[in-house]
Peer 1: 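My questions will all concern the structure given below.
Remember, it's a predicted structure, so these values are computed and weren't measured experimentally.
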Amino acid sequence: MLDLGVYHTLEILREREPGLFLGDKEGNEANEVLLPNKYVPEEYEIGDLIKVFVYLDSGERVVATTLEPFATVNTFAYLKCSAVAEVGAFLDFGLEKDLFVPFKEQASKMREGSWYLVYVHLDEKTNRLVGSSKTNRFLKNDLVLLSPYDKVDLIASHPSPHGWNMIVNSKHLGLVYDNEIFQKIHVGDMLTGYVKTVRNDGKIDLTLQRHGYRSIEPNAVQILKILRAQGGFLPLTDKSSPGEISSMLQLSKKSFKRAVGTLYKSGDISLEKDGIQLVEKELE
C-alpha cells in the first residue's frame, strides 16, 4: 500500500466510473489508488503523471486528492479547530476530511474557533492521520547534532517564564530567552534562528540574531532595507531608547550600534543629529 499522509507522483492507469485509478511505475497493484472524479483534472491522458496526496477518506478508504493539506505526516502545523465532538476535536486540515485530535492527545481542552499547534502523525491502530497538541513528546534532545552558530528553522511552541520554547528543525526543543527577543512572537510562528549553546543535558539555547561579528552584516543589511522603505531616513540615534530601536528595527540597541557603525564606516549612511540618513548613492 502507498504511504499515507504524503505526496506521491503517480501514473494515470485507467479511467472508470468513480474516477481515475493511479499507480506507480512498477505496476504494483497494491499501490493503486483512486482519484475521485471531483479531483480529476480537466485535461489528461492515460499515462500522464500527476502529483496527489494520499490518505484515508471519511469512509476509511485509501484515496488520492489534488487538494493540498496544511501539513503532511510527521510534521507540525498550526491549525484552527472547526468542531468539537464527544470523541475529540476536529481541525481544519485543508482537506474535505478534518484532522481528528482525540481528547487524550490534547494538551488542553480544545475549543471551536481556536488555533492550536499540533503534530500530525499516523495512528498505529487505525492507520488514520491524527493530530496531537502534546508536541513535546515528539521532540528529542538526547542526540543533538548541532553546534554554536548553526542556522536552524524554528516554530514557536509556547512561552515560558524565561522566554519562548521553540521547535528546532522539527526535531528538538530549544529556548530563546526574553533578552534575545526584539519582536512579537505568537504560537505557530515560523522563524529563522541560530544556536547559541547545546548544553550537556541536550538543552538548546537559541537566538534570533547571529552572534558577535557574524551579526554585523545581516543587521546592517536589514537597516538598509528599512531605510530604503522609509524614504532614506530613520529617526534613531545612539541616544534612542532600546524600546524605540526594537519597535522600529527589531534589534537590540547593542546590535543597532554595531550595524550603524559598519554602515557609517562603509559610507552607506550619514549620522545626523536626529537620525541616520542614507547617502545619495543609496537613493539613486
Peer 1: Check for me, please, whether Leu236 and Leu227 land in the same ILVMFWY cluster - side-chain distances under 4.5 Å, paths through other members count.
Peer 2: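 Looking at the clustering, Leu227 is in the same group as Leu236.
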Peer 1: Other residues, nucleotides and ligands only: do more than 12 of their heavy atoms fall within 6.0 Å of OH on Tyr264?
Peer 2: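 Atom OH in Tyr264 is not crowded, with 12 or fewer foreign heavy atoms closer than 6.0 Å.
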Peer 1: CD of Glu244 to CG of Leu249: how many Å apart, nearest 0.5 Å?
Peer 2: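 Result: 11.0 Å between the selected atoms.
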Peer 1: If the test is side chain to side chain contact (heavy atoms under 4.5 Å, CB included), which one of Ile245, Leu271, Thr237, Leu234 qualifies with Val260?
Peer 2: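 Only one of Ile245, Leu271, Thr237, Leu234 forms a side chain to side chain contact (heavy atoms under 4.5 Å, CB included) with Val260, namely Leu271.
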Peer 1: Flag the pair Arg199 and Asp205 as a salt bridge only when some basic side-chain nitrogen lies within less than 4.0 angstrom of an acidic carboxylate oxygen.
Peer 2: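 Judged by the 4.0 Å cut-off on N to carboxylate O distance, Arg199 and Asp205 do form a salt bridge.
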Peer 1: Enter the distance from Tyr177:OH to Thr207:OG1 here, rounded to the nearest 0.5 Å.
Peer 2: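 Between atom OH of Tyr177 and atom OG1 of Thr207 there are 12.0 Å.
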Peer 1: Look at the rings of Phe53 and Phe93 and say which category their plane angle falls in: under 30° parallel, 30 to 60° tilted, over 60° perpendicular.
Peer 2: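 Plane angle over 60°, so perpendicular.
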Peer 1: Verify, without hydrogens or angle tests, whether Asn169 (side chain) and Lys171 (backbone) share a donor-acceptor contact under 3.5 angstrom.
Peer 2: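 Here the side-chain-to-backbone pair does not exist.
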Peer 1: Can you tell me how far NZ of Lys196 sits from CG of Leu146, rounded to the nearest 0.5 angstrom?
Peer 2: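 Atom-to-atom, Leu146:CG and Lys196:NZ are 15.5 Å apart.
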Peer 1: Please check this pair: side chain of His121 against backbone of Asn74, looking for a donor-acceptor N/O pair closer than 3.5 Å.
Peer 2: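 Such a contact is absent between His121 side chain and Asn74 backbone.
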Peer 1: With heavy-atom distances below 4.5 Å as the criterion, would you say the side chains of Ile50 and Leu20 are in contact?
Peer 2: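 No, every pair of side-chain atoms sits at 4.5 Å or beyond.
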Peer 1: Inspect the contact between Glu105 and Arg137 and indicate whether a charged nitrogen and a carboxylate oxygen are less than 4.0 angstrom apart.
Peer 2: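 A salt bridge links Arg137 with Glu105.
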Peer 1: Which is it for Asn127 and Leu122 under the side chain to side chain contact (heavy atoms under 4.5 Å, CB included) test, yes or no, and what are the steps along the way?
Peer 2: CA-CA 6 Å; Asn127 217 25; Leu122 282 178; 4.0 Å; yes
Peer 1: Is there a side-chain contact between Arg111 and Tyr116 in this structure, where contact means two heavy atoms from C-beta onward sitting under 4.5 Å apart?
Peer 2: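 Arg111 reaches Tyr116 side chain to side chain.
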Peer 1: Evaluate the side-chain proximity of Ser147 to Tyr149: yes if any heavy-atom separation is below 4.5 Å, no if none is.
Peer 2: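 Answer no - side chains too far apart.
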Peer 1: Hydrophobic cluster membership, with links at side-chain heavy-atom distances under 4.5 Å among I/L/V/M/F/W/Y: are Tyr44 and Leu34 in one?
Peer 2: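 In one cluster: no.
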Peer 1: Mark yes when over 12 heavy atoms from residues, nucleotides or ligands other than Glu272 sit less than 6.0 Å from its CD; otherwise mark no.
Peer 2: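 Correct, the count exceeds 12.
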Peer 1: What is the minimum heavy-atom distance between Ser252 and Phe182, and which atoms define it?
Peer 2: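 That closest heavy-atom pairing would be CB-CZ, 3.1 Å.
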Peer 1: For Val87 and Phe103, what are the C-alpha separation, side-chain angles and deciding distance, and is it a side chain to side chain contact (heavy atoms under 4.5 Å, CB included)?
Peer 2: CA-CA 7 Å; Val87 292; Phe103 284 121; 5.6 Å; no
Peer 1: Which heavy-atom pair separates Ile167 from Ser157 by the least distance, and what is that distance?
Peer 2: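 Looking at all heavy atoms of both residues, the shortest contact is CG1-CB, 4.1 Å.
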Peer 1: Check whether more than 12 heavy atoms from other residues, nucleotides or ligands sit under 6.0 Å from atom NE2 of His158, and answer yes or no.
Peer 2: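 Above 12, so yes.
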Peer 1: Report yes if the side chains of Leu129 and Val73 come closer than 4.5 Å at any heavy-atom pair, otherwise no.
Peer 2: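 Contact flag for Leu129/Val73 side chains = yes.
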Peer 1: Measure the shortest side-chain to side-chain distance between Tyr39 and Glu96 over non-hydrogen atoms and say whether it is less than 4.5 angstrom.
Peer 2: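 In short, these two side chains touch, coming nearer than 4.5 Å.
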Peer 1: Is any side-chain heavy atom of Leu251 closer than 4.5 Å to a side-chain heavy atom of Ile223?
Peer 2: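 Yes. Closest side-chain heavy atoms under 4.5 Å.
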Peer 1: Answer whether the closest heavy-atom distance between the side chains of Arg258 and Thr262 falls below 4.5 Å.
Peer 2: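 They are not in contact (no side-chain heavy atoms under 4.5 Å apart), so the answer is no.
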Peer 1: Among the clusters formed by ILVMFWY side chains lying less than 4.5 Å apart, do Val198 and Met166 turn up in the same one?
Peer 2: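 The answer is yes; both residues are in one hydrophobic cluster.
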Peer 1: Please check if Val130 and Leu4 belong to a single hydrophobic cluster, counting links between Ile, Leu, Val, Met, Phe, Trp and Tyr side chain heavy atoms closer than 4.5 Å.
Peer 2: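 No; tracing contacts between hydrophobic side chains, which count when under 4.5 Å, never links both residues.
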Peer 1: I need the Leu208 CG to Leu154 CG distance, nearest 0.5 Å.
Peer 2: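 Rounded to the nearest 0.5 Å, the CG-CG separation comes to 6.5 Å.
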Peer 1: If every non-hydrogen atom of Lys134 is compared with every non-hydrogen atom of Gln106, which pair is closest and at what distance?
Peer 2: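 Looking at all heavy atoms of both residues, the shortest contact is CE-O, 3.5 Å.
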Peer 1: Of all the heavy-atom pairs spanning Leu56 and Arg128, show the shortest one and how long it is.
Peer 2: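 What the structure gives for the nearest pair is CD1-CG, 3.8 Å.
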Peer 1: Could you report the tightest heavy-atom contact between Asp92 and Phe70, atom names first, then the distance?
Peer 2: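 In terms of heavy atoms, the two residues are closest at O-CD1, 3.5 Å.
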Peer 1: State whether the number of non-hydrogen atoms from other residues, nucleotides or ligands found under 6.0 Å of Lys253 atom NZ is greater than 12.
Peer 2: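 More than 12 heavy atoms, drawn from other residues, nucleotides or ligands, come within 6.0 Å of this atom.
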Peer 1: What verdict does the side chain to side chain contact (heavy atoms under 4.5 Å, CB included) test give for Val144 and Lys203, after you've listed the backbone C-alpha separation in whole Å, the side-chain angles of each residue and the deciding distance to 0.1 Å?
Peer 2: CA-CA 9 Å; Val144 179; Lys203 293 181 179 179; over 6 Å; no
Peer 1: As a quick check of understanding, evaluate salt bridge (charged side-chain N to carboxylate O under 4.0 Å, His left out) for Glu68 and Lys51, giving each step before the final call.
Peer 2: CA-CA 10 Å; Glu68 297 184 2; Lys51 182 180 178 181; over 6 Å; no
Peer 1: Please walk me through it: do Gln222 and Gln209 pass side chain to side chain contact (heavy atoms under 4.5 Å, CB included)?
Peer 2: CA-CA 11 Å; Gln222 178 181 340; Gln209 300 175 348; over 6 Å; no
Peer 1: As an exercise, state the distance from CE of Met110 to OG of Ser82, rounded to the nearest 0.5 Å.
Peer 2: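 With rounding to 0.5 Å, CE (Met110) is 11.0 Å from OG (Ser82).
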Peer 1: For Leu173, does its backbone N or O pair with a side-chain atom of Asn141 as donor and acceptor, under 3.5 Å?
Peer 2: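 At least one qualifying donor-acceptor pair exists.
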Peer 1: Spell out, as yes or no, whether a donor-acceptor pair under 3.5 Å connects the side chain of Asn37 to the backbone of Pro18.
Peer 2: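 Judged by distance alone, yes, a pair lies under 3.5 Å.
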Peer 1: If every non-hydrogen atom of Ala64 is compared with every non-hydrogen atom of Leu22, which pair is closest and at what distance?
Peer 2: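 Scanning both residues completely, I find the closest heavy atoms to be CB-CD1, 4.2 Å.
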Peer 1: Answer yes or no: is there a side-chain heavy-atom contact under 4.5 Å between Val63 and Tyr55?
Peer 2: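 A side-chain contact under 4.5 Å exists here.
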Peer 1: According to a 4.5 Å side-chain heavy-atom criterion applied to Ile, Leu, Val, Met, Phe, Trp and Tyr, with indirect links allowed, do Ile185 and Trp115 form part of one hydrophobic cluster?
Peer 2: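 Hydrophobic grouping puts Ile185 with Trp115.
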Peer 1: Just by modelled atom types, is the Asp3 backbone N or O under 3.5 Å from a matching donor or acceptor in the His8 side chain?
Peer 2: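 Indeed, once roles are kept as given, a pair shorter than 3.5 Å links the two residues.
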Peer 1: Enter the distance from Gln277:CD to Phe233:CZ here, rounded to the nearest 0.5 Å.
Peer 2: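 The distance works out to 6.5 Å.
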